[in-house]
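Structure first, then comments.
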Number of protein chains: 2
Amino acid sequence: MRMLTRPELKMQLQNAGIRPSVQRLAIYEYVKNSCEHPTAEAVYEALRDELGSLSLTTVYNTLKLYVDAGLVMMLHIDDNFQRFDGDTSVHAHFRCSLCGSIHDLSVKGDYHTWLCGVENLAVTDAQLYLKGVCSKCSQQ
Amino acid sequence: MRMLTRPELKMQLQNAGIRPSVQRLAIYEYVKNSCEHPTAEAVYEALRDELGSLSLTTVYNTLKLYVDAGLVMMLHIDDNFQRFDGDTSVHAHFRCSLCGSIHDLSVKGDYHTWLCGVENLAVTDAQLYLKGVCSKCSQQ
DNA sequence: TTCATTTTTGTAACCACTGCAAATATATAA
DNA sequence: TTATATATTTGCAGTGGTTACAAAAATGAA
């Protein structure tokens with residue numbers, strides 16, 4: 001996924017009915033253009049200098065705002081942290097037990113084709129989480 | 001899955017090299033024969049009367065022991081709680097956003113057939129989580 | 001019985017996350 | 001511009017699930 005420009009990101013927020021304040025735009029840009037599935041704390045640490053003042057609460061609130069609006073996904077692949085993914089398309093996640101890194105995986109079809117008996121269920125979210133040792137760690 | 005008897009459960013623990021104390025066997029029996037994917041707190045509440053004295057710490061430690069031994073799965077489908085599943089076979093989980101209940105779903109094949117590029121990854125665990133509204137809640 | 005090891009227990013602490021109210025910034029109206 | 005209402009941000013305190021730790025109890029070996 002190519003990097004999104006500020007005007008593009010701003011437009012996305014406005015289309016979702018969210019006013020693009022300085023903090024909101026910075027947080028949105030960081031999550032959308034990051035591929036490391038950051039925690040709220042990581043977003044906070046990455047932006048606090050750039051923004052001068054930033055509250056961790058703002059980061060949490062803003063990310064929740066985006067999740068509720070469907071702009072960002074919240075991941076629970078990590079036992080101890082919420083993680084956030086700006087890529088809302090259908091894909092799976094792999095977490096390395098050794099280095100803790102999280103990688104995207106492409107999927108074939110979607111969850112409908114993997115499951116039996118989902119006809120009566122109104123599914124709003126599907127997450128496929130894998131754990132193990134990544135290729136980099138297994139070489140060492 | 002039929003209910004497992006005490007002798008069967010006891011044998012499973014011994015085969016895993018785990019000494020079946022009174023607390024361990026009771027916790028193991030409860031998780032293995034439950035289909036509600038209980039939290040540690042739920043296991044504790046269900047067994048404290050039967051066992052006379054029981055510590056919540058013992059429940060947490062014992063469940064972790066079983067998870068590390070591969071006898072029980074830990075689920076992270078719920079945002080706020082660890083949940084435990086005595087059924088370690090490949091299956092997916094559906095969580096109802098309204099009533100909070102968690103249901104098992106059968107899957108076709110396994111994760112290898114759903115994904116691209118898992119050849120270089122040593123996968124030790126795969127979890128497919130779905131969220132939405134269950135059939136019971138959508139009728140009301 | 002005696003001693004070492006294992007298991008259980010209760011309390012205190014941890015820490016990611018949230019609630020809340022004050023402070024600040026922004027939009028609207030006059 | 002000024003005044004007022006609304007929206008957003010901020011910092012701190014609190015919450016609650018989970019874990020660390022050390023003492024107590026149970027178990028096994030000699």
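Remember, predicted model here, so these are calculated numbers, not experimental data. What you see below is based on every heavy atom in this structure, not just the backbone, and it leaves out hydrogens, waters and symmetry mates. Chain letters run A, B, ... following the sequence lines, proteins first, then strands; residues in each count from 1.
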Nearest whole angstrom, please: distance from the [atom2] of [N] to the [atom1] of [X].
{"X": "A:L25", "N": "D:dT8", "atom1": "CG", "atom2": "P", "value": "14 Å"}
{"X": "B:L51", "N": "D:dA25", "atom1": "CG", "atom2": "C1'", "value": "15 Å"}
{"X": "B:L56", "N": "C:dT11", "atom1": "CG", "atom2": "C1'", "value": "12 Å"}
{"X": "B:D68", "N": "D:dT19", "atom1": "CG", "atom2": "P", "value": "11 Å"}
{"X": "A:I18", "N": "C:dT26", "atom1": "CD1", "atom2": "C1'", "value": "17 Å"}
{"X": "B:L63", "N": "D:dG17", "atom1": "CG", "atom2": "P", "value": "15 Å"}
{"X": "B:N80", "N": "D:dG17", "atom1": "CG", "atom2": "P", "value": "8 Å"}
{"X": "A:D78", "N": "D:dT18", "atom1": "CG", "atom2": "P", "value": "14 Å"}

N/O (side chain, [X]) to phosphate O (OP1/OP2, [N]) under 4.0 Å:
{"X": "A:Y60", "N": "C:dC17", "result": "yes"}
{"X": "A:Q23", "N": "C:dA25", "result": "no"}
{"X": "A:S55", "N": "D:dT9", "result": "no"}

| message | Does A:T57 contact D:dC12 through a side-chain donor or acceptor facing the base, at a distance under 3.5 Å? | response | yes

| message | Is there a side-chain contact between B:I77 and B:K131 in this structure, where contact means two heavy atoms from C-beta onward sitting under 4.5 Å apart? | response | yes

| request: Would you indicate whether the side-chain heavy atoms of B:L128 and A:L115 approach each other to under 4.5 Å? | output: yes

| message | Both B:E41 and A:L54 contact DNA chain D. Which one's nearest nucleotide lies toward the 5' end? | response | A:L54

| said: I want to confirm an ordering. Mapping A:T39 and B:R24 to their closest nucleotides on DNA chain C, which one lands closer to the 5' end? | reply: B:R24

| In this structure, which one of B:K10, B:R6, B:R24 forms a side chain to side chain donor-acceptor pair (under 3.5 Å) with B:E29? | B:R6

Return the nearest nucleotide to the side chain of [X]; candidates are [options].
{"X": "A:R19", "options": "C:dT18, D:dA7, D:dT9", "value": "D:dA7"}
{"X": "A:S21", "options": "C:dT9, C:dT18, D:dT9", "value": "D:dT9"}
{"X": "B:S53", "options": "C:dT9, D:dA7, D:dT19", "value": "C:dT9"}

| Can any side-chain N or O of A:S34 pair as donor or acceptor with the backbone N or O of A:V31 at less than 3.5 Å? | no

| query | In terms of side-chain heavy atoms, does B:H37 have a donor or acceptor partner in B:D78 at a distance below 3.5 Å? | reply | no

